[in-house]
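Below is one structure, written out as structure tokens, with a few remarks after it.
For the numbers below, each heavy atom of this structure counts, side chains included, while hydrogens, waters and symmetry mates do not. For clarity, every value in this text was computed on a predicted model and none was experimentally measured. Just so it is clear: chains get the letters A, B, ... in the order the sequence lines come, proteins before strands, and each one is counted from 1.
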There are 2 protein chains.
Amino acid sequence: MPTQEPSAPPRKRADARRNEQALLEAAAAAFVEAGVDAPVRDIARRAGVGVGTIYRHFPTRADLVVAVYRHQVESCAAAGPRLLAESPSPHAALTAWIHLFVDFLVTKHGLAEALRSDDPAFASLHEWFLDRLVPVCGDLLRAARAAGEVGSDVDPQHLMFGVGNLCIGAARIGRAETLRLVDLLVAGLRVGPGTPPPAPSA
Amino acid sequence: MPTQEPSAPPRKRADARRNEQALLEAAAAAFVEAGVDAPVRDIARRAGVGVGTIYRHFPTRADLVVAVYRHQVESCAAAGPRLLAESPSPHAALTAWIHLFVDFLVTKHGLAEALRSDDPAFASLHEWFLDRLVPVCGDLLRAARAAGEVGSDVDPQHLMFGVGNLCIGAARIGRAETLRLVDLLVAGLRVGPGTPPPAPSA
DNA sequence: TTGACAACCGGAACACTGTTCCGTTACGTT
DNA sequence: AACGTAACGGAACAGTGTTCCGGTTGTCAA
């Protein structure tokens with residue numbers, strides 16, 4: 001039994017697979033040094049291929065970024081339910097999960113910037129992040145609301161949007177200060193006895 | 001008595017003054033349409049001058065942006081003390097002032113992005129905003145803390161940094177939602193009976 | 001093993017950025 | 001009116017992303 005579904009493409013040529021792998025490694029290295037905006041030519045040179053080869057394997061930059069960071073985003077998504085089960089409260093789980101997300105973002109130069117960019121080259125990156133992580137965030141948020149810890153009915157997508165934005169330029173003020181701002185945002189979600197209603201009609 | 005301090009430059013040539021004015025108007029128009037990243041050639045063409053003329057009058061892009069938005073930032077800075085005097089509480093004044101700041105940012109395409117950018121061309125823009133607005137924000141924050149409304153000792157510079165970041169890409173989620181996120185951040189500052197300590201080593 | 005063909009490759013070429021530089025223009029002064 | 005120079009304008013350069021096509025090579029059938 002073949003390990004591929006019916007009508008699957010007949011497996012790429014050896015050189016193509018080799019180059020794709022080389023490109024992934026070269027891109028990962030380049031991203032660490034120069035951020036996700038590393039020049040195409042640099043990545044091609046590192047991988048020992050021509051620029052055309054990059055565009056054939058990864059039509060947009062987002063495709064390349066997605067391929068490089070796929071595993072890490074998946075593990076972040078998987079951490080959501082686990083944290084919800086292990087944490088003392090849903091809000092604690094939400095906070096911990098968001099810390100995970102922040103840690104991921106701030107260690108990837110330029111990723112947060114790319115995420116909020118409206119550059120069409122990053123559209124699919126944006127979409128992928130949202131598809132993968134927003135539901136997880138939504139679950140955590142819903143649980144926290146059900147537990148009465150969160151009053152505001154903020155859209156999980158907007159919350160993640162805000163957290164992502166706060167991570168932009170984290171290098172300037174430092175990781176700790178960035179986390180502090182994010183904590184402020186998440187703290188703002190909490191329903192407190194004295195919390196003023198920020199909702200339009202409460 | 002001349003209306004200029006001693007050793008002042010002997011007043012520029014007429015064509016130079018004319019071109020500078022034309023450039024300011026052209027840049028303002030271009031910024032509205034294409035954001036603060038509008039191509040240099042576009043601005044030059046609108047003003048009917050060569051690109052060299054832009055660089056002579058405004059060595060960096062930040063200089064041009066500062067010149068275009070100077071009045072609006074000044075009026076925002078001036079609003080701080082006024083709001084503090086007129087508002088029912090310091091925290092209300094802080095909230096209102098931040099709304100003013102947000103309104104200014106979200107109506108200028110790309111300004112928030114430029115503000116957080118580490119592009120050296122925008123370094124002086126960043127510095128100018130900070131010099132002009134952070135002290136105002138600091139006064140509001142201090143007053144709110146003195147009134148016992150704010151517990152956290154967040155650096156005003158970091159708060160403005162965060163608010164600015166939240167305004168990035170505001171067009172995507174809309175002005176109202178952006179304001180909501182900002183309100184969440186400011187609400188997180190409030191000291192509430194049930195507020196969890198956001199201490200670093202928590 | 002050999003040959004043919006499609007998949008694949010590489011990089012030149014293009015379009016578009018910002019930035020610099022210097023020959024030319026024209027303003028203000030004498 | 002003549003002159004010195006501040007100011008001008010745009011060609012030229014350097015660095016992006018993106019496309020395209022002639023040459024190469026892996027793969028499979030004969």
Side-chain angles (χ1 to χ4, degrees), chain A residues 2 4 8-27 30-31 33-66 109-110 113-114 117-125, chain B residues 2 4 8-24 26-27 30-31 33-65 109-110 113-114 117-125:
Chain A
Q4 56 196 27
R11 189 158 122 269
K12 283 193 294 191
R13 265 170 53 168
D15 53 349
R17 268 176 294 141
R18 204 180 330 128
N19 278 337
E20 181 166 337
Q21 196 55 37
L23 275 174
L24 282 178
E25 289 166 15
F31 288 173
E33 288 185 20
V36 297
D37 286 316
V40 186
R41 284 168 181 77
D42 280 5
I43 302 175
R45 188 172 31 75
R46 280 173 190 265
V49 304
V51 290
T53 302
I54 289 193
Y55 282 95
R56 194 167 318 102
H57 287 285
F58 307 99
T60 73
R61 181 171 287 268
D63 297 319
L64 182 55
V65 176
V66 167
H109 306 170
E113 284 86 338
S117 161
D118 52 1
D119 185 332
F122 285 119
S124 76
L125 175 66
Chain B
Q4 56 197 27
R11 185 152 129 270
K12 284 194 293 192
R13 260 168 55 169
D15 54 349
R17 269 176 293 140
R18 203 181 330 129
N19 279 336
E20 181 166 337
Q21 195 55 37
L23 275 173
L24 281 178
F31 288 174
E33 288 184 21
V36 296
D37 286 316
V40 185
R41 284 168 182 77
D42 281 5
I43 302 175
R45 189 173 30 75
R46 281 174 190 264
V49 304
V51 290
T53 302
I54 291 194
Y55 283 96
R56 194 166 317 102
H57 286 284
F58 307 99
T60 73
R61 181 168 225 97
D63 296 320
L64 182 55
V65 176
H109 306 171
E113 285 86 338
S117 163
D118 53 0
D119 185 332
F122 285 119
S124 75
L125 175 67

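Screening residues 34-50 of chain B for side-chain hydrogen bond (donor to acceptor under 3.5 Å, both in side chains) gives Glu33(B)-Arg46(B), Asp42(B)-Arg45(B) as the qualifying pairs, with residues at least two apart or on separate chains.
For Gln21(B), the side-chain contact (heavy atoms from CB on, under 4.5 Å) partners two or more places apart in sequence, or in a different chain, are Leu24(B), Glu25(B). Partners of Arg18(A) according to the salt bridge (Lys or Arg N to Asp or Glu O under 4.0 Å) rule, which considers only residues two or more places apart in sequence or in another chain, do not exist here. Applying the side-chain contact (heavy atoms from CB on, under 4.5 Å) test to Thr53(B) and every residue at least two apart in sequence or in another chain returns Asn19(B), Leu23(B), Val49(B), Arg56(B), His57(B).
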Report task. For each nucleotide in nucleotides 23-30 of chain C, reading 5' to 3', give B when a protein heavy atom comes within less than 4.0 Å of its base, S when such contact involves only the sugar-phosphate, and - otherwise. Result -> ----SS--
Query - Base-contact (B) and sugar-phosphate-only (S) positions in nucleotides 16-22 of chain C, heavy-atom cut-off under 4.0 Å, - elsewhere - result: -BBBB--
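Contact annotation: His57(B) reaches the phosphate of dC8(D) (side-chain N/O to OP1 or OP2, under 4.0 Å). Look at Asn19(A) and you won't find any side-chain N or O under 4.0 angstrom from OP1 or OP2 of dC8(C).
Put simply, CZ on Arg45(B) is 18 Å from C1' on dA11(D), counting in whole angstrom units. Between the CG atom of Leu23(B) and the C1' atom of dC8(D) there is a distance of 12 Å, given to the nearest Å.
Between Ile43(B) and Leu64(B) there is a side-chain heavy-atom pair separated by less than 4.5 Å. For the pair Phe31(B) and His109(B), the minimum side-chain heavy-atom distance is 4.5 Å or more. Between Tyr55(B) and Val40(B), the closest side-chain pair of non-hydrogen atoms falls below 4.5 Å.
Atom CG of Asp15(B) is separated from atom CD of Glu20(B) by 11.5 Å, given to the nearest 0.5 angstrom.
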